[in-house]
Protein chains: 2
Amino acid sequence: MDSATQILDIAERMMRREGYNAISFRDIAGEMGIKSASLHYHFPKKVNLGEALVARYHKNFHDTLGARTSGLSDPSAKVQIFIDLHRSAIQDSGLICLCAVFGAEAKGLPETIGQGVKAFFNANIAWLSQMYRDANVPNPEQKAKASIAMLEGALIVASVSGDISVFEAAAKFAA
Amino acid sequence: MDSATQILDIAERMMRREGYNAISFRDIAGEMGIKSASLHYHFPKKVNLGEALVARYHKNFHDTLGARTSGLSDPSAKVQIFIDLHRSAIQDSGLICLCAVFGAEAKGLPETIGQGVKAFFNANIAWLSQMYRDANVPNPEQKAKASIAMLEGALIVASVSGDISVFEAAAKFAA
DNA sequence: GTCTATAATTTGATAGAC
DNA sequence: GTCTATCAAATTATAGAC
């Protein structure tokens with residue numbers, strides 16, 4: 001695996017646990033076994049790393065979503081895949097959505113990062129709206145907004161409480 | 001107003017915008033017009049300030065909730081007050097819930113702060129469960145967990161998107 | 001790509017005067 | 001309660017060797 005990818009992997013895991021400002025270049029480099037100065041070769045400034053994290057997270061999420069739903073025609077089944085993608089994060093590794101964490105800190109982050117987070121939420125709302133519309137759910141856009149809010153919030157509350165049942169309660173509504 | 005209260009007010013507003021780690025003693029002192037060293041007289045260490053913030057936030061929220069619902073008997077009306085309390089934060093000042101922000105960063109914060117955040121969520125879930133139970137809503141606890149997750153998440157998504165309609169969509173479900 | 005070395009700044013925190 | 005003075009450590013970032 002190339003270094004840039006390794007940096008992104010470690011940074012994403014750490015920041016999804018502790019936030020953007022809590023993690024330093026030294027923390028990331030330390031776990032890689034290299035020096036922090038070397039990180040600047042791949043990401044000149046911290047903001048570049050943050051932007052790359054959000055962009056990659058957004059792309060990975062929707063690539064995975066597309067791949068897993070490509071064979072399906074039932075919109076309700078696709079929504080379930082969407083929910084499962086959120087569940088697997090907290091279930092497999094106890095991690096919150098990167099954009100939920102950055103979203104909570106957004107007003108103190110470089111503006112480009114906030115814009116990336118906003119784009120992620122908007123894309124998810126648009127995707128989910130279409131699914132609900134296809135499933136003839138009333139007020140599909142409103143339901144999509146509520147579902148996104150619930151899934152993101154559920155990850156945070158479940159993580160803090162150490163209680164996955166909070167997520168399951170949310171998942172039941174979004175379905 | 002005494003200095004400790006003033007410090008808490010400023011720190012709360014700043015941290016609800018940018019997070020715990022983004023705000024320094026100098027930031028807070030600067031806005032108060034005093035020196036950062038003076039803050040240590042009121043809160044010896046930063047963790048003491050963080051703990052006090054969560055404790056006060058928790059107490060203020062439930063005191064206000066108690067005061068505004070004391071004359072009411074209809075549980076649905078009480079739930080509406082609960083939702084309004086969340087709405088007023090983002091509507092009046094664009095602020096996210098302190099515990100949503102700290103919850104997102106929790107794994108990187110002192111453990112006592114994480115425990116305070118957890119206690120806040122648990123208290124809210126318990127309170128809301130009782131309201132739904134009184135209103136004969138099916139699965140009151142599950143609905144309470146989903147509603148808390150949704151309201152907290154909606155504050156974050158609405159804040160990042162600059163779109164209050166996300167909160168209104170969530171409010172409609174929780175009602 | 002990674003290293004050493006280093007600079008500039010920020011941060012949490014303390015000691016002691018007033 | 002607030003100040004000045006100060007500190008040790010951490011942080012982002014750069015320059016230049018290998």
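In what follows, every chain begins at residue 1, and chains take the letters A, B, ... in the order their sequences are listed.
Look at CE on B:Met32: it is 6 Å from P on D:dT2, rounded to the nearest Å. The separation between B:Leu109 atom CG and C:dG12 atom P is 13 Å, rounded to whole Å. D:dT2 atom P lies 8 Å from atom CD of B:Gln6, rounded to whole Å. One atom, CG of B:Leu49, and another, P of C:dT11, lie 15 Å apart when rounded to the nearest Å. One can place NZ of B:Lys46 at 13 Å from C1' of D:dA10, the figure rounded to the nearest angstrom. In this structure, CD1 of B:Ile7 is placed 14 Å from P of C:dG12, rounded to the nearest angstrom. Atom-to-atom, CG of A:Asp2 to P of C:dG1 comes out at 7 Å; the value is rounded to the nearest Å. Rounded to a whole Å, the CD1 atom of B:Ile34 is 11 Å from the P atom of D:dT4.
Not one side-chain nitrogen or oxygen of B:Ser3 sits closer than 4.0 Å to the OP1 or OP2 atom of D:dG1. When the side-chain nitrogen and oxygen atoms of B:Lys35 are compared with OP1 and OP2 of D:dC3, none of them lie within a distance under 4.0 Å.
Between B:Phe102 and B:Tyr57, the distance from one ring center to the other does not fall under 6.0 angstrom.
A:Lys145 and A:Ser129 share no donor-acceptor pair across their side chains, judged by distance under 3.5 Å alone.
Surrounding CD of B:Glu141 are at most 12 heavy atoms belonging to other residues, nucleotides or ligands under 6.0 Å away.
Below 30°, between 30° and 60°, or above 60°: for A:Phe25 and A:His40 the angle between ring planes is between 30° and 60°, a tilted geometry.
The side chain of B:Ser36 lies closest to C:dA13 when the candidates are C:dA13, D:dT14, D:dT2. Of the candidate nucleotides C:dC3, D:dT12, D:dC3, D:dT12 has the atom nearest to the side chain of A:Arg26. Of the candidate nucleotides C:dT14, D:dT11, C:dA5, C:dT14 has the atom nearest to the side chain of B:Lys45. Distance from the side chain of B:Tyr41 is smallest to D:dG1 among D:dC3, D:dG1, C:dT11. Nearest nucleotide to the side chain of A:His40, out of D:dT12, D:dC3, C:dC3: D:dT12. In the set D:dT12, C:dG12, C:dT2, C:dG12 carries the atom at the smallest distance from any side-chain atom of B:Ser24. Out of C:dG1, C:dA5, D:dC3, the shortest distance to the side chain of A:Ala37 is found at C:dA5.
Heavy-atom distances to DNA chain D give each of B:Ser38 and A:Ile23 a nearest nucleotide, and the one nearer the 5′ end belongs to B:Ser38.
Residues passing the side-chain contact (heavy atoms from CB on, under 4.5 Å) test with A:Glu51 are A:Val47, A:Asn48, A:Thr112, A:Ile113, sequence neighbours excluded.
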